[in-house]
Visitor: 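Before I ask anything, let me first share the structure, which is written out below as structure tokens.
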There are 2 protein chains.
Amino acid sequence: MLQPSLSVGSPIAGLARALDFPSRATIVDEGEPARAIYRIVSGHVMVSRFLPDGRRQIFEVLGPGGVFGVTPNGHHDSAAEALTEVRLMAFDRQAAERSSEFNAALADLLKAQLCALHDHAVLLGRKSAVERVMSYIEDLIGVADAQHADDDVAIVRVLMTRSEIADYLGLTLETVSRAFSQLKREGVIGYERHDGPMTVDLKRLKRLTGRNL
Amino acid sequence: MLQPSLSVGSPIAGLARALDFPSRATIVDEGEPARAIYRIVSGHVMVSRFLPDGRRQIFEVLGPGGVFGVTPNGHHDSAAEALTEVRLMAFDRQAAERSSEFNAALADLLKAQLCALHDHAVLLGRKSAVERVMSYIEDLIGVADAQHADDDVAIVRVLMTRSEIADYLGLTLETVSRAFSQLKREGVIGYERHDGPMTVDLKRLKRLTGRNL
DNA sequence: CGAAGAATTGAGGTTAATCAACGAGGGTGG
DNA sequence: CCACCCTCGTTGATTAACCTCAATTCTTCG
């Protein structure tokens, strides 16, 4: 997928500043006034929201090129947390919104996000626990689709805890753990340590997800 | 919420043509090449996607001002169906994408949609059946928030069938029906005929949703 | 070594899905 | 006009999936 600019060289480059965050840092809080729009240079970021009683839903996990902090009103509707060390470009919101060039580039990025959120809504509304976890694993492989197209096995690293994956997939951490265990028993995935590398048998995964998605 | 133009008077007005559809007509099919971007003038539209095995997820229900048919690639990722008689403005996609003015206006609309999809993801991932139906009823009242702010009772019309509501809320039609029955028993809502007007006791609804959202 | 955080696994409970029957309009054709 | 059918909604009984509670292990870190 094309990644529009929003970067140096563009006339709005002057509005941007680089920012770094350590792993697990909170970048924006829910409800906070929206002063900037952020683009990820390197690292990964989770975007989430809490219900008053503590239930959490993670909407998206963004990698390099991803954008967050966009809001229709003046306040962030969701929080953003660094999943790894992160380098960001921060664009002053007020100034950026006045630049039609910025908005046009942003529109392209938002279109892709919209599509991703549609995928995720299908997952949350209509897929079983194991299907959700398989979709998650496919996401992990992600653009690697290209580089793994002819491979039998992909190797990925799970950056999120079971609890975070659960809040992303609309499950509990126990159900996520059981789904991982089941897929491991079935030989779809393999790992020694949960924070180590995970191997994915692409053929088996495709066979399981191919039929229904 | 502000509704940016994308309308007559704008320099891209020449790219637009008006279209009418009868109730229940299919406006765009999933997978179809994306020739246009649509804005609703009047009426309501559902946007949805199917899994290969027939499971359906409805992403959003759009009213006047709503936009659909936006896609990051050349093909529609979802279908759109008229829920009522609908009048649309259709913007030629190729031409519109070249207009930074169009894209800028579109960005504002997409921001609002993004926020709405976040709300919906929380609903799908983290709310119980009755909570989902209550949220749906709140949506029905919608902007009426303003005009009903001092009222005790709102009167709304449910345009969707139980099956459509189920596919919107990630439930089965039976569960939706039971939730409606329960809320009726509890006096939160009232109706004689399912296709007739429905009264909503706003105080009771707020009391139930207020705590947890 | 002990404590804290994360994952796994088991047992049991709850919610929502599934299967099934029935009733209420609305349309169509005899 | 009425009988029939078809769609939609409601409700009940049962099942299955997932959640909750709880115990245990593993790893890391002080």
Side-chain angles (χ1 to χ4, degrees), chain A residues 22-24 46 51 53-58 81 83 123-137 157-186 188-198 212, chain B residues 22-24 46 51 53-58 81 83 123-137 157-186 188-198 212:
Chain A
S23 181
R24 300 289 155 183
M46 300 189 293
L51 290 178
D53 63 1
R55 286 176 283 182
R56 174 172 66 163
Q57 181 63 47
I58 296 173
E81 184 179 333
L83 206 48
L123 181 150
L124 292 173
R126 289 294 174 222
K127 291 190 187 177
S128 72
V130 173
E131 287 177 319
R132 293 181 203 202
V133 170
M134 290 192 298
S135 295
Y136 176 71
I137 293 169
R157 196 167 282 274
V158 179
L159 298 170
M160 295 160 76
T161 66
R162 296 289 186 259
S163 171
E164 287 162 350
I165 296 170
D167 287 342
Y168 182 49
L169 301 180
L171 301 167
T172 60
L173 68 93
E174 293 96 330
T175 300
V176 171
S177 183
R178 279 184 243 271
F180 270 98
S181 297
Q182 182 187 325
L183 291 171
K184 192 179 176 187
R185 270 197 307 279
E186 293 172 352
V188 179
I189 58 175
Y191 56 91
E192 295 305 315
R193 304 157 40 78
H194 55 76
D195 53 348
M198 185 174 78
N212 305 325
Chain B
S23 181
R24 300 289 156 184
M46 301 189 292
L51 289 178
D53 63 0
R55 285 175 284 182
R56 175 173 64 164
Q57 180 62 47
I58 295 172
E81 184 180 333
L83 205 47
L123 180 149
L124 293 172
R126 289 294 174 223
K127 292 189 186 176
S128 73
V130 174
E131 286 177 320
R132 294 181 201 203
V133 170
M134 290 193 298
S135 295
Y136 175 71
I137 292 168
R157 195 168 283 273
V158 179
L159 297 171
M160 295 159 76
T161 66
R162 296 290 186 258
S163 170
E164 287 163 351
I165 297 169
D167 287 342
Y168 183 48
L169 301 180
L171 300 167
T172 60
L173 68 94
E174 293 96 329
T175 300
V176 171
S177 183
R178 279 184 242 272
F180 270 96
S181 297
Q182 181 186 325
L183 291 171
K184 192 179 177 188
R185 269 197 308 277
E186 292 171 354
V188 180
I189 58 175
Y191 55 92
E192 295 305 315
R193 303 158 41 80
H194 55 76
D195 53 349
M198 185 174 79
N212 306 323

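By convention in this document, chain letters (A, B, ...) are assigned in the order of the sequence lines, proteins followed by strands, and residues within each chain are numbered from 1. Everything numeric here is computed off the predicted structure, so don't read it as measured data.
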Visitor: Sequence neighbours left out, what passes salt bridge (charged side-chain N to carboxylate O under 4.0 Å, His left out) with A:Arg193? Give chain and number order.
Guide: A:Asp195
Visitor: Could you tell me the separation between the CD atom of A:Gln182 and the P atom of D:dA17, rounded to a whole number of Å?
Guide: 10 Å
Visitor: Check the phosphate of D:dG9 against B:Tyr191, side-chain N and O only, distance under 4.0 Å to OP1 or OP2. Yes or no?
Guide: no
Visitor: Of the non-hydrogen atoms in A:Leu123 and A:Ser135, which two are nearest, and what is the gap between them?
Guide: CD1-CB, 3.6 Å
Visitor: Atom CG of A:Leu159 and atom P of C:dA6: how far apart are they, to the nearest Å?
Guide: 15 Å
Visitor: Which residue pairs pass the salt bridge (charged side-chain N to carboxylate O under 4.0 Å, His left out) test with at least one member in residues 159-172 of chain B, sequence neighbours excluded?
Guide: A:Arg126-B:Asp167, B:Arg24-B:Glu164, B:Arg56-B:Asp167
Visitor: So do B:Leu124 and B:Gln57 actually touch side chain to side chain, heavy atoms under 4.5 Å?
Guide: yes
Visitor: With rounding to the nearest 0.5 angstrom, report the CZ to CD1 distance, A:Arg132 to A:Ile165.
Guide: 14.0 Å
Visitor: For A:Ile165 and C:dT8, give me the distance from atom CD1 to atom C1', rounded to whole Å.
Guide: 14 Å
Visitor: Taking all non-hydrogen atoms of both residues into account, name the closest pair between A:Ser23 and A:Leu83 and its distance.
Guide: OG-O, 3.4 Å
Visitor: Compute the bend angle of the helix from C:dC1-D:dG30 to C:dG30-D:dC1 from the end axes (five pairs per end), rounded to 10°.
Guide: 30°
Visitor: Taking OP1 and OP2 of C:dG5, is either one under 4.0 Å from a side-chain nitrogen or oxygen of A:Thr161?
Guide: no
Visitor: Taking CG from A:Asp167 and C1' from C:dA7, how many angstroms apart are they, rounded to a whole number?
Guide: 16 Å
Visitor: Over all strands shown, is B:Ser177 touching base, sugar-phosphate only, or nothing at heavy-atom distances under 4.0 angstrom?
Guide: base
Visitor: I'd like a table of atom pairs between the protein and nucleotides 24-30 of chain D - only N or O on both sides, under 3.5 Å - with the distance next to each one.
Guide:
| residue | atom | partner | partner atom | Å |
| --- | --- | --- | --- | --- |
| D:dT28 | OP1 | A:Arg193 | NH2 | 3.0 |

Visitor: In Å and rounded to the nearest 0.5 Å, what is the CD1 to OG distance from A:Ile189 to A:Ser181?
Guide: 8.0 Å
Visitor: Tell me, do A:Val158 and A:Tyr136 make a side-chain contact under 4.5 Å, heavy atoms counted?
Guide: yes
Visitor: Taking the side chain as everything from C-beta on, heavy atoms only, tell me whether B:Ile137 gets closer than 4.5 Å to B:Met198.
Guide: yes
Visitor: Testing the basics here: between B:Ala129 and B:Thr175, what is the closest heavy-atom pair and its distance to 0.1 Å?
Guide: CB-CG2, 3.6 Å
Visitor: Please report, rounded to the nearest Å, how far the P atom of D:dC8 is from the CE atom of B:Met160.
Guide: 13 Å
Visitor: Starting at atom CD of A:Glu164, determine the distance to atom C1' of C:dA6, rounded to an integer number of angstrom.
Guide: 11 Å
Visitor: How many whole angstroms separate atom CZ of A:Arg24 from atom P of C:dG5?
Guide: 14 Å
Visitor: Please report, rounded to the nearest Å, how far the P atom of C:dT15 is from the CZ atom of A:Arg55.
Guide: 13 Å
Visitor: Go through the structure and list residues passing side chain to side chain donor-acceptor pair (under 3.5 Å) with B:Ser177, not counting sequence neighbours.
Guide: none
Visitor: All N/O contacts under 3.5 Å from nucleotides 18-22 of chain D to the protein, with atom names and distances to one decimal?
Guide:
| residue | atom | partner | partner atom | Å |
| --- | --- | --- | --- | --- |
| D:dC18 | OP1 | A:Ala129 | N | 2.8 |
| D:dC19 | OP2 | A:Thr172 | N | 3.4 |
| D:dC19 | OP2 | A:Thr172 | OG1 | 3.2 |
| D:dC19 | OP2 | A:Thr175 | OG1 | 2.4 |
| D:dT20 | O4 | A:Arg178 | NH2 | 2.9 |
| D:dC21 | N4 | A:Glu174 | OE2 | 3.0 |

